[in-house]
Amino acid sequence: MTKRALITGITGQDGSYLADLLLEKGYKVYGMRRRTSIPIMENIQHIENEIEFINGDLLDVSSLINAVKISNPDEVYNLAAQSFVGTSWDQPLLTGQVTAIGVANILEAVRIVKPEARFYQASSSEMFGKVVETPQTETTPLYPRSPYGAAKVYGHWMTVNYRESFDMFASSGILFNHESPRRGVEFVTRKITNAVARIKLGLQSELRLGNLDALRDWGYAKDYVECMWLMLQQELPDDFVIATGEMHSVREFCEIAFSYVGLNYQNHVVTDPKFFRAAEVDLLLGDPTKAIQKLGWSPQKTTFKELVHLMVDSDLQRVKHANNYITNVGSIV
C-alpha cells in the first residue's frame with residue numbers, strides 16, 4: 001500500500017528536500033501551503049506536478065483539520081515556521097503565533113482527525129541558545145536567546161506533551177544548522193555564497209556581516225531530511241539531536257567560500273554592528289551519537305568544505321544565468 005505524507009512548509013529548503021526523498025521512496029506527497037498572490041515554488045518546481053497541494057495556514061485550525069482530512073496521512077512533517085532568527089526580533093508576536101502556537105494547532109488537528117498518524121516536529125538548536133554544556137545532547141537544558149528560539153521551545157515541549165498525554169507517535173528532530181543551495185538568501189550562509197558569486201562576477205564589491213567569530217555546527221540539509229524520515233520509521237517515538245559534531249566559524253565559512261573562487265575574504269567582508277544579534281548565541285555544537293546509534297544515520301555524507309563549495313557553485317550558476325538574461329533583454333530593448 002502506498003504511504004501518504006503531509007508536509008507543511010513544503011516550499012522551503014527542508015520541505016523540498018524531504019519531498020524529493022519521499023517521492024523517491026514511492027510516497028503520495030501532500031504539501032500544505034499558504035495562499036499567496038504569487039506562489040513561491042522555486043525549490044519544488046522540478047517536482048511540482050508530483051505533489052498534491054492543499055491550502056492551509058498554521059494559524060487556522062480549521063484549515064489544518066481540512067488538510068489532514070484530505071491527505072489522510074500516515075506521516076505528518078511539520079516544517080512550516082517563521083524560521084529566521086533576525087526577523088523574530090522584528091516580529092516576535094508573529095513568530096510566537098506561527099512557530100509556537102502553530103505547532104499546537106497542527107498537533108490538535110492530527111489528534112482530532114488521524115491520531116494514529118506519525119508526527120514529526122522540526123525543533124532547533126536555537127533552543128539551546130546560551131549553552132550550558134558543550135556539546136549539546138537531547139538532555140541539555142534549554143536556554144533560548146531569541147523569540148525564534150523561545151517559540152521553538154514551546155513547539156518542542158508541546159510535541160512531548162501530546163506524545164505522553166495522548167499516546168501519539170510524535171517525534172522531534174533537534175536540527176543544528178543545515179544549509180544548501182535552497183537556503184533563503186537572508187540566512188548568513190547563502191548571504192555569503194550569493195555575495196561571493198556576485199563579487200566574482202563584478203556585480204558587487206563588499207559583503208557586510210555581523211559576528212564573524214560565531215561558531216556553528218553546519219550540515220547539509222539534503223542529508224538531514226533523511227533523519228526526519230528515519231525517526232518516523234522507528235518502533236517508538238523519540239527526540240534526536242541531528243548534527244555533524246563539528247564546529248566552524250562564520251569567518252571560516254567566508255575563507256572557504258571566497259578562496260574557492262580565488263578571492264581573499266579580507267578584501268571584501270566588512271563587519272557591520274547592524275547585523276549583530278540583540279542577544280548573541282556564541283557557539284552551537286551538537287552530539288549526534290543517539291541518532292547514529294539508534295537510527296543508523298551518518299552525519300558525514302557531505303563535508304563542511306564540500307557543502308560550501310556546492311553552495312558557491314550553485315550561486316555562481318544562478319547569478320550568471322540571471323545576469324545573462326538581463327543583458328540579453330537589455331540588448332533587445
Side-chain angles (χ1 to χ4, degrees), residues 3-10 12-15 17-19 21-22 25 27 29-30 32 58 64 67-68 71-81 83 99-128 136-140 142 149 151-176 178 219 221-243 286-299:
K3 277 191 172 184
R4 302 157 70 92
L6 172 64
I7 304 173
T8 72
I10 196 167
Q13 170 187 254
D14 293 5
Y17 280 120
L18 179 62
L21 177 69
L22 296 181
K25 292 183 178 296
Y27 279 65
V29 175
Y30 293 82
M32 196 187 81
L58 288 181
L64 299 178
V68 177
S71 59
N72 187 28
D74 299 291
E75 299 169 5
V76 177
Y77 297 86
N78 183 40
L79 310 183
S83 58
T99 308
I101 303 301
V103 181
N105 289 342
I106 185 69
L107 280 165
E108 187 66 4
V110 172
R111 186 188 70 82
I112 291 170
V113 179
K114 190 78 182 289
E116 67 273 25
R118 297 189 167 203
F119 180 86
Y120 170 85
Q121 166 59 16
S123 290
S124 169
S125 60
E126 287 289 334
M127 301 190 305
F128 296 120
Q136 294 87 56
T137 71
E138 292 79 6
T139 58
T140 298
L142 307 178
K152 280 293 185 182
V153 170
Y154 178 91
H156 179 79
W157 281 112
M158 285 301 288
T159 303
V160 172
N161 273 268
Y162 269 70
R163 177 169 74 218
E164 295 179 350
S165 301
F166 302 115
D167 198 29
M168 289 173 61
F169 193 111
S171 297
S172 288
I174 307 172
L175 270 64
F176 280 64
H178 48 291
K222 188 175 181 180
D223 296 339
Y224 281 30
V225 297
E226 181 187 8
C227 228
M228 301 177 186
W229 176 77
L230 284 170
M231 283 184 218
L232 298 197
Q233 312 315 307
Q234 303 305 301
E235 186 177 343
L236 297 172
D238 205 349
D239 304 324
F240 294 87
V241 162
I242 308 303
D287 180 354
T289 301
K290 183 178 176 181
I292 294 169
Q293 293 178 348
K294 287 197 172 184
L295 303 179
W297 179 69
S298 173

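In this text, all values refer to a predicted model and were calculated from it rather than measured experimentally. Position 1 is the first residue of the sequence, and the numbers go up from there.
Side-chain contact between Ile7 and Leu18 is present, with at least one heavy-atom pair separated by less than 4.5 Å. Between Asn72 and Val113 there is no side-chain heavy-atom pair separated by less than 4.5 Å. In this structure the side chain of Asp287 never reaches within 4.5 angstrom of the side chain of Gln136, judged on heavy atoms. Taking the side chain as every heavy atom from C-beta outward, Tyr17 and Asp223 never approach each other to under 4.5 Å. At a threshold of 4.5 Å between non-hydrogen side-chain atoms, the residues Phe240 and Leu230 do not count as touching. Counting only heavy atoms from C-beta outward, the side chains of Pro299 and Ile292 approach each other to under 4.5 Å. For the pair Gln233/Leu295, no side-chain contact is recorded, criterion being any heavy-atom separation below 4.5 Å from C-beta on. Leu64 has its side chain within reach of Leu58: a pair of non-hydrogen atoms, C-beta onward, lies under 4.5 Å apart.
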Might you work through the side chain to side chain contact (heavy atoms under 4.5 Å, CB included) test for Thr159 and Tyr120, ending with a clear yes or no?
-> CA-CA 9 Å; Thr159 303; Tyr120 170 85; over 6 Å; no

His178 and Asp14: CA distance, side-chain angles, deciding distance, side chain to side chain donor-acceptor pair (under 3.5 Å) verdict = CA-CA 9 Å; His178 48 291; Asp14 293 5; 2.6 Å; yes

Go through the steps for Met127 and Ile174 under the test side chain to side chain contact (heavy atoms under 4.5 Å, CB included), then give the verdict.
-> CA-CA 9 Å; Met127 301 190 305; Ile174 307 172; 4.0 Å; yes

Residues Tyr27, Trp229; criterion side chain to side chain donor-acceptor pair (under 3.5 Å); working and verdict = CA-CA 12 Å; Tyr27 279 65; Trp229 176 77; 2.8 Å; yes

For Phe176 and Ile242, run side chain to side chain contact (heavy atoms under 4.5 Å, CB included): C-alpha distance rounded to whole Å, both residues' side-chain angles, the deciding distance at 0.1 Å, then the answer.
-> CA-CA 6 Å; Phe176 280 64; Ile242 308 303; over 6 Å; no

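Residues meeting the side chain to side chain contact (heavy atoms under 4.5 Å, CB included) test with Ser124, sequence neighbours left out: Glu126, Tyr148, Lys152. Lys290 is linked by a salt bridge (charged side-chain N to carboxylate O under 4.0 Å, His left out) to Asp238, counting only residues two or more places apart in sequence or in another chain. For Lys25, the salt bridge (charged side-chain N to carboxylate O under 4.0 Å, His left out) criterion is met by no residue, not counting sequence neighbours. Every ring pair (Phe, Tyr, Trp, His ring centres under 6.0 Å) that Tyr162 has, sequence neighbours left out, goes to Phe166. The salt bridge (charged side-chain N to carboxylate O under 4.0 Å, His left out) check on Glu108 picks up Arg111, with sequence neighbours excluded.
Closest approach of Pro115 to Met168, counting heavy atoms only: O-CG, 4.0 Å. When all heavy atoms of Ala122 and Leu79 are compared, the closest pair comes out as CB-CD2, 3.9 Å. Heavy atoms only, all atoms of each residue included: Leu22 and Ala5 are closest at CD1-CB, 3.7 Å. Heavy-atom minimum distance, Gln121 versus Gly155: CG-O, 4.2 Å. Here the shortest heavy-atom pairing between Ala67 and Met32 reads CB-SD, 4.2 Å. For Leu232 against Val76, the heavy-atom pair with the smallest separation is CD1-O, 4.2 Å.
Without hydrogens or angle criteria, Asp74 side chain to Lys3 main chain gives no donor-acceptor distance under 3.5 Å. Listed for the Arg118 side chain is no donor-acceptor partner under 3.5 Å among the backbone atoms of Met231. In this structure a side-chain-to-backbone donor-acceptor pair under 3.5 Å is present from Thr8 to Ala80. In this structure a side-chain-to-backbone donor-acceptor pair under 3.5 Å is present from Lys114 to Pro73.
Note that SG of Cys227 and CG of Leu21 are 11.0 Å apart. Values are rounded to the nearest 0.5 Å. Atoms OG and OH, on Ser123 and Tyr154 in that order, are 13.5 Å from each other to the nearest 0.5 Å. Atom CE of residue Met158 and atom CD1 of residue Ile106 lie 12.5 Å apart, to the nearest 0.5 angstrom. Considering CH2 of Trp297 and OH of Tyr224, their distance stands at 4.5 Å, rounded to 0.5 Å. Ser172 contributes atom OG, which lies 7.5 Å from atom CZ of Phe119 (distance to the nearest 0.5 angstrom).
With no hydrogens or angles considered, a side-chain donor-acceptor pair links Tyr77 and Glu75 at under 3.5 Å. Between the side chains of Arg4 and Tyr30, a donor-acceptor pair is found at a separation under 3.5 Å.
Applying the salt bridge (charged side-chain N to carboxylate O under 4.0 Å, His left out) test to every pair with at least one member in residues 161-176, sequence neighbours left out, gives these pairs: Arg163-Asp239.
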